[in-house]
Amino acid sequence: MSLLEIRGLATHFFTSAGVARAVDGVDLSLDRGQTVAVVGESGCGKTMLALSVLRLVPDPPGRIVAGEVRFAGTDLLALSEDQMRQVRGRRISMIFQEPMTALNPVFTVGEQVAEMLRLHKGLGKREALDAAAGLFDLVRIPDAAQRLKSYPHELSGGMRQRIVIAMALSCDPDLVLADEPTTALDVTIQAQILDLLMDLKERRNAAVLLITHDLGVVAQTCSRAMVMYAGQAAEEGDVAGLFADPLHPYTQGLLGSLPKLTRRGARLTPIPGIVPPLTDLPPGCSFHPRCPRAFDRCRVEHPPLLSRDGRLVRCWLYA
C-alpha cells in the first residue's frame, strides 16, 4: 500500500470572475522512502495540490470539492479539524517556499522550533530547546546554541531555509511536502539544501513530495515526476524516461526552455504564451493555444490521461 494515495482530487476557488479549478482531478501516489516531483510553471496548481493534502486551502474562497487523499490508509478529507491537527507537523510536514513568511519575526528561531516539539512531542521547555539545538546540528547550522537566540531577520536566506527544514523534520514525519525549497537561493546554497534534504530523507526513510519548476533539481533528486498544467497532470512517469523522451508537447517545451550552450553562446527556446486564467480555460486541450503540434481535435475535445510506454500523457497525439 502506498504511503500517500491521491485520487480524483479537485480544489476549486469560487471568485467573482468565475470558478478557478486550481486542482482538477489529480491522481498521484507516493511510497515510503520515495521522492516524487510535481513540476510546472507558476499558476499550474503545484502548491495548491500540497495545501490540499494538508487541508490548508483558504476557505473562502477555496474548497476541496471532490476526491480522496489517503495517507497510510486513512482518508484525510474525512477527518475532523482536531484530528488533522494531529497529522500536520507530526505525520506530514511542509517546507514552505519562502522561509521569511513561514517564520514568525517576533520570536527567536529556537523558540519556534521548540514550540513544535512541545506541541507534538510533549517536551518541557528546557528539553525542547535542547532538542532544537540537536536539530540545528542535524541541518548543519554552525554554533547551534547561539543560533537558538537569533531572530529570522538576523539570518541569511540559506540559514532560514535550514531552520524551516529543522521545523519540518522535528517530529520525524513520514511525509515531507517541499514547496520550492531552493527558490531565491544561490546555486551553491541550493545544492547544500538539496543534499541536506535527501540525506535526512534517507536517514529517516521518509517520503518527499518535491514541488518545483526547476528541472535540474528533479533530475538530481527524484525517481518519478508529474508535470502539471492548468490544474491537471499533463504527463507522469519515471524521471529518466521523461527526460530522455518527453511525450507531451508541454514537457518537451519545458525541457527545451533550459539554457543550452552552443558555439554562438547560450540559447533559450521559450514556450510561447502564458498559462491561461483558471477561470477562463480554452475549450478542448488547455495547452492547445501554446502548442506547436495542435490539430482540430485538440481545439474542441479535452484529452483524457492516456497510457503510453509505462507513462501517462494527456494528449491526443497518443490516442
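- Taking both residues in full, the closest heavy atoms of Thr11 and Ser52 are given as OG1-OG, 2.7 Å, listed atom of the first, atom of the second, then distance.
- The 12-atom threshold is not exceeded at CZ of Phe107, counting heavy atoms of other residues, nucleotides or ligands nearer than 6.0 Å.
- Between Ser150 and Leu155, the closest heavy-atom pair is CB-CD2, 3.9 Å.
- Nearest approach of Gly33 to Asn205, heavy atoms of both residues: CA-OD1, 3.5 Å.
- For Gln112 (side chain) and Asn104 (main-chain N/O), a donor-acceptor pair under 3.5 Å exists by modelled atom type.
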When you look at Asp174 and Leu3, which way does the side chain to side chain contact (heavy atoms under 4.5 Å, CB included) test go after all the steps?
CA-CA 8 Å; Asp174 300 303; Leu3 179 66; 4.2 Å; yes
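- Contact detail for Ala133 and Ala144: the closest heavy-atom pair is O-CB, 3.6 Å.
- Atom CZ in Arg147 sits 11.0 Å away from atom CZ in Arg162 (nearest 0.5 Å).
- For the pair Leu51 and Leu177, the minimum side-chain heavy-atom distance is 4.5 Å or more.
- Taking a cutoff of 4.0 Å between a charged side-chain nitrogen and a carboxylate oxygen, Glu41 and Arg290 qualify as a salt bridge.
- At distances below 3.5 Å, not a single donor-acceptor pair connects side-chain atoms of Arg311 with backbone N or O atoms of Glu236.
- With hydrogens and angles disregarded, a donor-acceptor distance shorter than 3.5 Å links the side chain of Gln83 to the backbone of Ser80.
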Candidate pair Met94 and Asp179, rule side chain to side chain contact (heavy atoms under 4.5 Å, CB included), full reasoning
CA-CA 7 Å; Met94 187 159 178; Asp179 186 8; 3.9 Å; yes
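- Here the side chain of Gln252 pairs a donor or acceptor atom with the backbone of Leu247 at under 3.5 angstrom.
- By the 30° and 60° cut-offs, the orientation of the rings of Tyr151 relative to His153 is parallel.
- In this structure the side chain of Arg293 reaches within 4.5 angstrom of the side chain of Leu317, judged on heavy atoms.
- Look at Arg224 and Asp31 and you find no salt bridge, because none of the NZ, NE, NH1 or NH2 atoms lies under 4.0 Å from a carboxylate O.
- Between Arg308 and Asp245 no salt bridge is recorded (no basic side-chain N to carboxylate O distance below 4.0 Å).
- Ala234 and Leu305 make their closest contact through O-CD2, 4.5 Å (heavy atoms, listed as atom of the first residue, atom of the second, distance).
- Ala168 and Ser93 get closest at one heavy-atom pair: O-OG, 2.7 Å.
- Judged by distance alone, with hydrogens and angles left aside, the side-chain atoms of His288 form a donor-acceptor pair with the main-chain N or O of Pro283 at under 3.5 Å.
- Here Leu209 contributes atom CG and Leu49 contributes atom CG; the two are 6.5 Å apart, rounded to the nearest 0.5 Å.
- Taking 4.5 Å as the limit, every side-chain heavy atom of Leu148 sits out of range of all side-chain heavy atoms of Val109.
- A salt bridge is defined here as a Lys NZ or Arg NE, NH1 or NH2 lying under 4.0 Å from an Asp or Glu carboxylate O, and Glu5 with Arg7 meets this definition.
- To the nearest 0.5 Å, atom SG of residue Cys285 and atom OH of residue Tyr229 are 8.0 Å apart.
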